[in-house]
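What follows is a short report on a single structure.
Only heavy atoms go into these numbers, but all of them, side chains included; no hydrogens, no water, no symmetry mates. Lettering of chains follows the sequences in order, A, B, ..., and the numbering in each one begins at 1.
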2 protein chains.
Amino acid sequence: MKSTNRLSWKYVRDEIHHEILSGRYGPGDRLPRDADIADQLNCARSTVQRAMQDLSDIGLIERRRKGGTRVHPEPVTRATLDIPITRHEVEKKGARYGYQLIRQKEMSAPRTVLAAFELTSPVSMLRIEALHLSDNRPYMLEDRWVCLDTVPEIRDVDLEIHSANEWLVLNRPYTRCDLRFYAISADQKMSEMLGAKTGDALLLIERSTWIDGAPITTVKTITTPGYQLLTSS
Amino acid sequence: MKSTNRLSWKYVRDEIHHEILSGRYGPGDRLPRDADIADQLNCARSTVQRAMQDLSDIGLIERRRKGGTRVHPEPVTRATLDIPITRHEVEKKGARYGYQLIRQKEMSAPRTVLAAFELTSPVSMLRIEALHLSDNRPYMLEDRWVCLDTVPEIRDVDLEIHSANEWLVLNRPYTRCDLRFYAISADQKMSEMLGAKTGDALLLIERSTWIDGAPITTVKTITTPGYQLLTSS
DNA sequence: TGACATTTTAAGTAGCTACATATTACCGTT
DNA sequence: AACGGTAATATGTAGCTACTTAAAATGTCA
């Protein structure tokens, strides 16, 4: 009976979580100091600290030095999304993955691409258009721009064989990643590529990555009709 | 010069991150034991542990007791989304928030709603349809089902005044939340409500919440044309 | 050789201490 | 009352020790 009377930080976390949401503490309210909670629950401050850190991570509370801990005044639903390499996504569904390079061309980045990277001066980039297939049927269309200053090696990659998606994820770690989701209507070109009807509603995922402030790539991933993005846990 | 020669866990994390992605360790490779890394970097194991925990959180590595630490074999892009209460979202943009209840009715949950909750037997629910406004213009349409067994108090809430969205987030904490994003074409009814054109592509956010296994609510949030969802950090 | 029990190992957790750091709170001066 | 410097304080971080636990590795026996 030694282990049972030690409180785990998860227990402490759930205890506090429960107290908060039973109405004992409402949005904006200040919670007792870590040390006091530790006393009260008869555990170490470090245990409370870990519990609080977790609650802070999920957006339930806000912590500030000296300011103390308070319940987040504007509760948010915080969710985590995992976006795998497209090949893995297809294979996990039990389908056969295929890939087609549509076009690649070196050119100066247009205004919209520069904007995605928060840049103003012109940059030389490689534009790559490709189609991902699932059991020989169109699955995703990608329209990608890769910064040649940051990733010159992309020129030596045979993009007929290796998808830029996979090559970049495996070879180019990033320190910042912005994502953006929205819906568009398929235009004629897209619908042909994706085997959809013109006007179909499509989910679009836009992703831009940087390494230490330097732009790596920005990509518009256009999904097929009916595609759904789910949270992981 | 006392503080500078203590390594912070963030430094350790970045060091390992860097090693991994300079190619020193590739996907699936096993990393040294925490204790060895601690020795090598001349810091405490607990510092390495914290660094590793963080890398594990962002999906870069996988850790298993006895199995050790290895680089995630299938790298994923992990992103965090914050979905605020709609009123806060509108007000943060500097617009005036408005809300209209369209309809509410108690009824047995249809098959699709039961499916969202992974239930099979019929359940009595309150269906709520409402419109969120931004500066008097349609902003979001919500189609919600609230489980009356789990949240009987919803009957006493005046939904003409309080949006179910806000009331639930403030009063009904959840232990599980599933999200789903996809695109649909606006049908006649939606386009009328949202002031869009029939056939417009709309982003739809579906959210279901539970408290300790008991269903709370499931809601389809239909956004206006052009709506974009962004990652937080 | 294969199934099962045992040992070993590496991460996970809890507690303690000491110190760092960001703010808030306070107080004195102008 | 406004300003500015100082003290007080709650969280954040690092290090150490000790113990727990999941799971891989090994050994044992049929």
Side-chain angles (χ1 to χ4, degrees), chain A residues 1-20 24-25 27-73 233, chain B residues 1-20 24-25 27-73 233:
Chain A
M1 262 301 191
K2 199 170 8 173
S3 58
T4 39
N5 51 16
R6 296 184 93 183
L7 296 175
S8 79
W9 66 268
K10 284 179 182 171
Y11 173 85
V12 173
R13 176 197 61 189
D14 293 345
E15 201 64 18
I16 298 167
H17 190 148
H18 194 268
E19 282 229 357
I20 285 175
R24 174 105 176 64
Y25 300 101
D29 286 359
R30 182 162 174 184
L31 273 66
R33 308 160 44 210
D34 288 8
D36 291 341
I37 292 176
D39 273 1
Q40 200 190 320
L41 295 179
N42 194 34
C43 67
R45 179 165 79 90
S46 54
T47 306
V48 177
Q49 155 83 15
R50 220 176 312 187
M52 289 294 200
Q53 202 49 254
D54 200 55
L55 292 173
S56 177
D57 283 347
I58 64 171
L60 191 69
I61 60 173
E62 274 181 341
R63 281 163 76 73
R64 296 168 71 177
R65 281 173 159 142
K66 163 79 186 181
T69 305
R70 50 189 64 223
V71 181
H72 199 112
S233 56
Chain B
M1 260 300 192
K2 199 171 6 172
S3 59
T4 39
N5 51 17
R6 295 184 93 183
L7 297 175
S8 79
W9 65 269
K10 285 180 181 171
Y11 173 85
V12 173
R13 177 196 61 187
D14 292 345
E15 202 65 19
I16 298 167
H17 192 148
H18 195 268
E19 282 227 1
I20 285 175
R24 175 105 174 65
Y25 300 101
D29 286 359
R30 182 161 173 186
L31 272 65
R33 308 161 43 212
D34 288 10
D36 291 342
I37 293 176
D39 273 2
Q40 200 190 321
L41 295 178
N42 194 34
C43 67
R45 178 165 81 91
S46 55
T47 306
V48 176
Q49 155 83 15
R50 217 174 313 186
M52 289 294 198
Q53 202 48 255
D54 200 55
L55 292 173
S56 177
D57 284 346
I58 63 172
L60 191 68
I61 60 173
E62 274 181 342
R63 281 163 75 73
R64 297 166 71 176
R65 280 173 160 145
K66 162 79 185 181
T69 305
R70 50 189 64 224
V71 180
H72 199 112
S233 57

Side chain to side chain, B/Ile37 and B/Glu15, heavy atoms closer than 4.5 Å: no

Atom-pair distance (CG on B/Leu41; P on D/dG15), nearest Å: 10 Å

Contact under 4.0 Å: B/Thr69 side-chain N or O vs C/dA11 OP1/OP2: yes

Residue pair B/Asp57 / B/Gln53, side-chain heavy-atom distance below 4.5 Å: yes

Proximity to the side chain of A/Thr47 - top-ranked nucleotide from D/dT13, C/dG15, C/dA11: C/dG15

Whole angstrom value for the distance that separates C1' of D/dA18 from CZ of B/Arg45: 10 Å

Distance in angstrom units between B/Leu55 CG and C/dA11 P, rounded: 13 Å

Distance, rounded to the nearest Å, where A/Gln53 contributes CD and D/dG12 contributes C1': 8 Å

pair B/Leu31-B/Met52: side-chain heavy atoms closer than 4.5 Å: yes

Sugar-phosphate, base or nothing in reach of B/Arg30, heavy atoms under 4.0 Å: sugar-phosphate

Heavy-atom pair of closest approach, residues B/Val71 and B/Pro27: CG1-CA, 3.7 Å

Spacing between A/Arg70 atom CZ and C/dT23 atom P, to the nearest angstrom: 14 Å

Gap between atoms CG and C1', on A/Asp36 and D/dA10 respectively (whole Å): 10 Å

Rounded distance (Å) that lies between atom P of C/dT23 and atom CZ of A/Arg33: 19 Å

Main-chain N/O of B/Arg70 paired to B/Arg30 side chain as donor or acceptor, under 3.5 Å: no

For the student: nearest non-hydrogen atoms of A/Pro73 and A/Glu62, plus distance: CD-OE1, 3.7 Å

Residue closer to the 5' end of DNA chain C, A/Lys10 versus A/Gly67 (nearest nucleotide): A/Lys10

Close side-chain approach of B/Arg63 to B/Asp34, heavy-atom, < 4.5 Å: yes

Atom-to-atom span, CG of A/Asp34 to P of C/dC16 - whole angstrom: 15 Å

Stretch residues 58-66 of chain B: residues that reach within less than 4.0 Å of DNA chain C through a heavy atom: B/Arg63, B/Arg64, B/Arg65, B/Lys66

N/O (side chain, B/Gln49) to phosphate O (OP1/OP2, C/dA11) under 4.0 Å: no

